[in-house]
Amino acid sequence: MIMTDCLWQFGWSKVSAKMKKTIYDKYDKKAIGDLPVVSFGGRVITILTEGEAERAVDYLLTADILGMDTETSPSFKRGQSFKVALLQVSTRDTCFLFRLNLIGLCPAVIRLLENTTVPMIGLSWHDDLRMLKKRGDFTPGYFIELQKMVGDIGIKDQSLQKLYANLFSQKISKRQRLTNWEMPILNDQQKVYAATDAWACIMLYEEIVRLKTTGDYDLIVVPEPSTQTITSNNDIQENLS
């Protein structure tokens with residue numbers, strides 16, 4: 001009994017310390033539904049005027065890292081399209097929602113997007129930047145693209161939801177994605193959804209950097225689905241004759 005206690009007290013902690021995180025090169029989308037939902041738990045501040053934007057950008061540029069994302073209202077009619085309605089920018093504990101459909105790409109927002117000091121982390125930012133430029137011209141600053149990083153640890157997935165599930169075993173809900181982002185007042189569900197996507201970019205970036213630096217993970221390569229040949233009854237009869 002004494003020996004068992006010693007193993008528990010002194011041995012188990014050493015074994016646990018050596019356990020590595022298991023990640024997959026491709027995460028099974030079907031498994032995401034069973035994961036616990038994660039959402040941003042910090043402050044969410046909506047920016048409605050250019051004056052508010054100036055103060056928000058001053059605050060954001062004092063941070064050491066920023067998570068970024070955008071939202072655009074979906075189009076359900078052929079030939080119809082919308083400009084980016086929302087730019088969400090998050091620190092680890094505070095997210096600002098810039099309502100671009102109301103304030104446009106005002107000088108403060110351009111100052112933020114052109115900043116070359118604070119890293120701005122995003123996913124599929126090539127598309128977001130292209131859409132943002134439809135609201136005004138600017139020179140992109142210090143952006144870091146997560147899709148260019150994940151391959152360094154062997155992950156092939158490119159979507160935010162799959163990446164987060166893979167690295168944290170938690171689900172980011174996408175239920176609000178196709179809602180109206182130009183409505184007069186965003187509801188609480190939209191605000192939390194938007195903030196979570198931006199904040200998650202910081203979490204993913206820091207975890208990818210950690211895993212790449214420490215090698216503290218085991219990568220499981222998921223085999224490609226096998227290709228099955230379907231043989232008709234006629235083919236069988238021809239082969240038998």
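Positions are given from 1, in the same order as the sequence printed here.
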**OP:** Could you go through the side chain to side chain contact (heavy atoms under 4.5 Å, CB included) check for Leu163 and Leu123 one step at a time?
**Re:** CA-CA 10 Å; Leu163 290 175; Leu123 187 78; 3.9 Å; yes
Original post:
Between Lys162 and Ile32, is a side chain to side chain contact (heavy atoms under 4.5 Å, CB included) present by the stated rule, with each step listed?
Top reply: CA-CA 8 Å; Lys162 280 189 175 183; Ile32 295 177; 4.0 Å; yes
**OP:** Take Thr179 and Gln189 through the side chain to side chain contact (heavy atoms under 4.5 Å, CB included) test and state the conclusion after the steps.
**Re:** CA-CA 10 Å; Thr179 56; Gln189 290 79 14; over 6 Å; no
**OP:** Take Arg111 and Asn115 through the test side chain to side chain contact (heavy atoms under 4.5 Å, CB included) and record every step on the way to the result.
**Re:** CA-CA 6 Å; Arg111 177 161 60 95; Asn115 113 80; over 6 Å; no
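Between Tyr24 and Tyr27, the two ring planes are perpendicular [angle over 60°; tilted spans 30° to 60°].
For the pair Thr116 (side chain) and Gly141 (backbone), a donor-acceptor distance under 3.5 Å is absent. Panel note: side chain Gln190, backbone Asn180; a donor-acceptor pair is recorded below 3.5 Å. In this structure a side-chain-to-backbone donor-acceptor pair under 3.5 Å is present from Lys21 to Leu167. When atom types are taken as modelled, the side chain of Gln88 and the backbone of Ala194 share a donor-acceptor pair closer than 3.5 angstrom. A side-chain donor-acceptor contact under 3.5 Å links Asp25 to the backbone of Val222.
Side-chain contact between Trp125 and Met120: absent, with no pair of heavy atoms (C-beta onward) separated by less than 4.5 Å. Within the 4.5 Å cutoff, the side chain of Lys171 has heavy atoms near those of the Gln161 side chain.
Taking CG of Leu100 as the reference point, atom CG of Leu87 lies at 5.5 Å (rounded to 0.5 Å). Here the OH atom belonging to Tyr59 is positioned 5.0 Å from the OG1 atom belonging to Thr91, to the nearest 0.5 angstrom.
Under the 4.0 Å criterion applied to side-chain N and carboxylate O atoms, Asp157 and Lys29 are not assigned as salt-bridge partners. One finds no salt bridge joining Asp58 and Arg55 here, because no Lys/Arg side-chain nitrogen approaches an Asp/Glu carboxylate oxygen to under 4.0 Å. In this structure, Glu52 does not pair ionically with Arg99, as no charged nitrogen and carboxylate oxygen lie closer than 4.0 Å.
Linking Ile, Leu, Val, Met, Phe, Trp and Tyr residues whenever their side-chain heavy atoms come within less than 4.5 Å leaves Leu112 and Ile65 in two separate clusters. No path of Ile, Leu, Val, Met, Phe, Trp and Tyr side chains, each step under 4.5 Å between heavy atoms, connects Met203 with Val89, placing them in separate hydrophobic clusters.
A donor atom on one side chain and an acceptor atom on the other are not found under 3.5 Å apart for Thr22 and Asp218.
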